[in-house]
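First comes the structure, then the notes that go with it.
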Amino acid sequence: MSYNHQEIEKKWQNRWETSSVFHAQESTDKPKFYCLIEFPYPSGAGLHIGHPRSYTALDVLSRKRRHQGYNVLYPIGWDAFGLPTENYAIKTGRKPQDITRENTDTFRRQLKSLGLSFDWSREVNTTDPAYYKWTQWMFLEFFKAGLAYKTKMAINWCTSCKIGLANEEVVNGVCERCGGRIEKRDKEQWMIAITKYAERLLQDLDTVDYLEKIKVQQRHWIGKSEGAEIDFLLDGKQESLKVFTTRPDTIFGVTYMVVAPEHPLVEKLITDSQRCVVERYIHETAQKTEIERGKQEKEKTGVFTGSYAINPANGEKIPVWIADYVLMGYGTGAVMAVPQHDDRDRAFAVQYGLPILDRPLISFDEVLERTKGKKTVAYKLRDWVFSRQRYWGEPIPLVHCEICSPQTGGWVSVPENQLPVVLPDVEKYEPTDTGESPLATIDEWINTICPECGGPAKRETDTMPNWAGSSWYFLRYIDPHNNETFASVEKLKHWMPVDLYNGGMEHTTLHLLYSRFWNKFLFDQGHVPVSEPYARRHSHGLVLAADGTKMSKSKGNVVNPDEIVREYGADSLRMYILFMGPFEEPVPWSLNGLIGVRRFLDKVMKYVSVWNQAQAQDLGKVIEPHLKKISDDIESFKFNTAVSAFMRLFNDLNAAMMTHDQLKKCLIVLGPFAPHLANECWEMIGETRLVEEQSWPTFDDSLLVQSCVEMAVQINGKARATITLAPDAHEQTARTTALAQANIQKYLEGKEIVKIVYVPGRILNIVIK
RNA sequence: GGGCGAGUGGCGGAAUGGUAUACGCAGGGGACUUAAAAUCCCCGGGGGGAAACUCCGUGCGGGUUCGACUCCCGCCUCGCCCACCA
């Protein structure tokens with residue numbers, strides 16, 4: 001017998017919608033639980049089968065918390081700015097706004113069909129002007145605090161997307177999104193000074209409950225090194241070269257120095273005789289892509305500048321080289337090379353025949369004294385490139401005025417009462433290879449008046465990266481319809497921090513770090529009540545195709561959730577996706593596995609439909625251990641074994657009828673996993689109201705202990721017999737029973753018992769010789 | 001090169017010091033049926049044996065322990081992340 005999932009799923013989804021059971025409450029004495037999933041990017045491809053993995057898992061937990069009496073906030077929204085939509089708009093000649101609306105409609109319909117207990121009344125959309133008004137407002141807070149600045153810098157330019165990328169968006173030397181070739185380009189960019197928060201982003205990891213691998217990855221990304229800055233006077237010149245080193249104690253072994261090709265002192269270092277060769281090297285290096293640089297990792301390149309520096313520790317004269325293995329963005333962009341102690345320096349020294357000297361080490365303090373150096377720290381973290389030269393993003397709310405604000409380069413904030421600066425309609429969205437935003441072609445939008453002097457001014461045409469809107473969306477969920485502020489202080493105090501945030505590992509050094517930073521900044525400005533936004537962070541594994549590879553359109557191995565829901569039902573999909581494997585591990589999709597879960601759900605439906613109270617017996621001893629395990633497994637994210645415990649429960653029943661109360665308990669615990677079926681069964685046994693309105697069951701300890709257990713008897717660690725005993729049986733009883741076993745006696749014949757190890761309820765091991 | 005994780009039946013996986021392979025899939029056998037589907041019951045790591053039982057077995061090699069998939073040391077393979085960060 002197979003139940004009609006299409007009928008019952010629609011029915012209960014309507015009931016949930018009209019009853020508002022999933023709405024977070026505004027005023028209540030209940031403890032709060034804020035449960036967050038990473039809001040999706042509504043792509044044209046529709047929901048990916050991987051999305052429900054995270055959503056269903058946290059749905060189970062949210063539902064359990066509601067049963068447990070918590071006021072639960074489990075919201076959903078759309079991270080809808082970004083390139084795929086813009087590129088699709090260009091290709092089809094349509095407006096990104098229209099495409100986004102269609103895509104979010106599809107995603108909303110698909111998510112609702114899964115029976116997820118989101119509070120749909122709080123839906124947010126980063127592309128909604130009422131939302132991005134506050135993204136712009138927050139940007140201005142960064143600007144006013146001096147943390148947003150515009151600077152000319154070599155950026156990563158994706159030649160395919162025609163867009164500047166942050167370092168974080170360049171993966172293996174190619175564009176993270178499209179795989180396109182990256183080249184370096186000099187461009188004026190808005191930057192946000194995340195590096196000012198490097199130390200706190202690092203330190204405060206100790207105050208939050210994240211999976212350890214997430215902390216490790218963030219620490220590594222922030223990359224703190226302690227060391228010293230030491231000045232090396234240039235021979236015959238006024239200037240000195242400042243280096244950063246983590247090994248000041250090796251300073252006697254310095255045999256040469258190296259500066260990055262982009263170092264500001266390069267021009268002064270070049271001597272006439274070397275000018276030709278050095279300039280050619282710098283030019284060649286600038287042309288190199290990240291990939292090309294990577295390939296030459298083993299083979300280092302560089303040139304001698306012609307200049308010398310003086311080692312402040314011993315007065316030795318040492319040559320200064322230029323090489324691209326030294327990075328301008330880290331430390332001071334200059335190093336003292338100690339081939340004896342550093343592999344890279346050694347490789348370079350070998351390559352160019354520079355001396356390698358084995359000199360004694362000296363203490364940190366002594367070095368600082370001799371060289372007048374100072375202790376310092378360096379971070380790998382770089383400031384955040386915040387400009388994008390594209391259309392489909394939040395306009396940066398600044399105008400440029402020739403007269404006003406010379407201290408900020410002529411940049412003036414758009415006043416709060418003129419926010420949001422709304423994206424204007426444009427004819428064409430194509431990016432230009434000149435690196436200007438498509439907004440740059442709309443004169444009537446660009447030309448405006450300066451809010452300070454009233455004179456003519458021009459709007460900034462760069463837009464924000466799509467990490468902007470996602471850096472604070474968890475705050476907007478708390479008060480999504482507020483027109484006065486992004487969220488009221490009282491509501492923020494009630495809900496923050498997020499109690500549990502689940503998302504993909506790929507966001508660890510991007511979104512997760514950005515949003516921690518963003519929240520800390522708002523905290524410092526007094527706008528949010530907590531310094532860390534997420535009390536706990538968990539992460540899920542990918543759903544792979546059946547062959548264990550990533551699902552991709554080009555390989556044609558993408559599973560469509562609509563089809564699964566139509567054929568097998570949302571409850572089957574939910575339960576299978578939890579059952580398929582450990583939550584944190586990548587797991588291949590299997591239609592057969594899904595069918596197995598559907599059979600189980602049919603079995604439950606069949607059981608309930610033939611269940612009758614007249615034949616009921618007390619099956620508490622069978623049922624409760626399983627329900628207890630399921631309840632515990634939810635807490636430890638072991639959803640796969642929770643589902644198998646359900647299967648065992650119904651196998652163990654052997655079709656025996658449990659009591660009405662016991663059946664109710666089973667259905668309440670089933671609710672978070674298969675909510676439609678649980679409600680349908682709930683109604684079939686004559687219950688009114690919704691399963692969602694019931695309290696989570698408690699478990700009777702006396703029913704959790706078995707009266708007797710089967711125990712192995714081992715001889716020298718090998719199982720030779722089994723005996724049945726009370727779990728707390730006395731050792732003497734256990735020994736007597738074990739020694740009476742025929743197979744045990746066989747082994748004991750002619751042997752001496754050295755000792756007997758007895759672990760009640762577990763094992764009895766007889767050691768013989 | 002560095003960091004993190006994983007390696008268990010035909011397959012997804014369970015067990016984190018105590019009878020390895022729970023649960024599910026695929027497979028074999030049986031019941032029901034004119035038949036099939038569906039459903040239900042039974043079997044199910046490999047070798048030997050009629051059976052009782054026995055030997056081998058959790059990537060490889062050592063070790064700790066009464067007892068190791070589990071802990072320790074040394075390798076191999078795969079996955080993910082970072083990768084010239086001084």
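Convention: sequence-line order gives letters A, B, ...; per-chain numbering from 1. All values reported here derive from a predicted model rather than from experimental measurement.
Counted by atom type alone, Glu563(A) and Tyr568(A) present zero donor-acceptor pairs between their side chains at under 3.5 Å. In this structure, a donor-acceptor pair under 3.5 Å is absent between the side chains of Gln741(A) and Arg720(A).
When the side-chain nitrogen and oxygen atoms of Tyr576(A) are compared with OP1 and OP2 of G24(B), none of them lie within a distance under 4.0 Å.
Under 4.0 Å is where a charged nitrogen must lie from a carboxylate oxygen, and between Asp602(A) and Lys606(A) no such pair does. Here Glu212(A) pairs with Arg219(A) in a salt bridge; the nearest charged N to carboxylate O distance falls below 4.0 Å.
The CE atom of Met575(A) sits 12 Å away from the C1' atom of G24(B) (whole-angstrom rounding). Between Gln217(A) atom CD and A83(B) atom P the separation is 10 Å, expressed in whole Å. Summarising the geometry, the separation between CG on Asp547(A) and P on G79(B) is reported as 14 Å, rounded to the nearest angstrom. Rounded to an integer number of Å, the gap from CZ of Phe646(A) to P of C23(B) is 16 Å. Computed from coordinates, the Asp632(A) CG to A14(B) P distance equals 17 Å when rounded to whole Å. If you take CZ of Phe637(A) and P of G13(B), they are 19 Å apart, rounded to a whole angstrom. As rounded to whole Å, 13 Å separates atom C1' of C40(B) from atom CZ of Arg599(A).
When distances run from any side-chain atom of Ala712(A) to the nucleotides G5(B), U19(B), C23(B), the shortest one goes to U19(B). Looking at the side chain of Arg762(A), the nearest of the listed nucleotides C40(B), C23(B), G18(B) is G18(B).
Heavy atoms of other residues, nucleotides or ligands lying less than 6.0 angstrom from CZ of Arg762(A) number 12 at most.
Across all strands shown, nothing is found opposite A14(B) as a Watson-Crick or G-U wobble partner with both distances under 3.5 Å. Base pairing analysis places A50(B) opposite nothing; no Watson-Crick or G-U wobble pair with both distances below 3.5 Å involves it. The partner of G9(B), taking Watson-Crick or G-U wobble pairs whose two distances both stay under 3.5 Å, does not exist in any strand shown. Across all strands shown, A37(B) forms no Watson-Crick or G-U wobble pair with both distances under 3.5 Å. Across all strands shown, A20(B) remains unpaired; no Watson-Crick or G-U wobble contact has both distances below 3.5 Å.
Centroid-to-centroid, the aromatic rings of Tyr352(A) and Phe304(A) stay 6.0 Å apart or farther.
Side chain of Arg370(A) to backbone of Ala313(A): a donor-acceptor contact under 3.5 angstrom is found.
Nucleotides G46(B) and A22(B) are separated by 13 Å at their P atoms, to the nearest Å. A20(B) and A31(B) have their P atoms separated by 35 Å, with the value rounded to a whole Å. As rounded to the nearest Å, G27(B) and A35(B) have C1' atoms that lie 23 Å from one another.
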- [ ] Go through Lys769(A) and Asn716(A) one step at a time and tell me if the side-chain hydrogen bond (donor to acceptor under 3.5 Å, both in side chains) criterion holds.
- [x] CA-CA 9 Å; Lys769(A) 73 174 181 190; Asn716(A) 290 346; over 6 Å; no
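Base orientation for G9(B): syn, the chi torsion being within 90° of 0.
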Open item on the list: Does the protein touch nucleotides 65-72 of chain B at the base, only the backbone, or not at all? Give it as B, S and - per nucleotide, heavy atoms under 4.0 Å.
Closed with: -BS-----
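The residue Glu710(A) sits close to a base: some heavy atom pair falls under 4.0 Å.
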Tabulated below should be each protein N or O lying under 3.5 Å from an N or O of nucleotides 53-55 of chain B; please produce it.
unit_1: U54(B); atom_1: OP1; unit_2: Arg720(A); atom_2: NH1; d: 3.3
unit_1: U54(B); atom_1: OP1; unit_2: Asn743(A); atom_2: ND2; d: 3.3
unit_1: U54(B); atom_1: OP1; unit_2: Tyr747(A); atom_2: OH; d: 2.5
unit_1: C55(B); atom_1: OP1; unit_2: Arg720(A); atom_2: NH2; d: 3.3
unit_1: C55(B); atom_1: OP2; unit_2: Arg720(A); atom_2: NH1; d: 3.0

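When each of Gln217(A), Arg537(A), Glu584(A), Met505(A) is tested with Leu211(A) by the rule side-chain contact (heavy atoms from CB on, under 4.5 Å), just one qualifies, namely Glu584(A).
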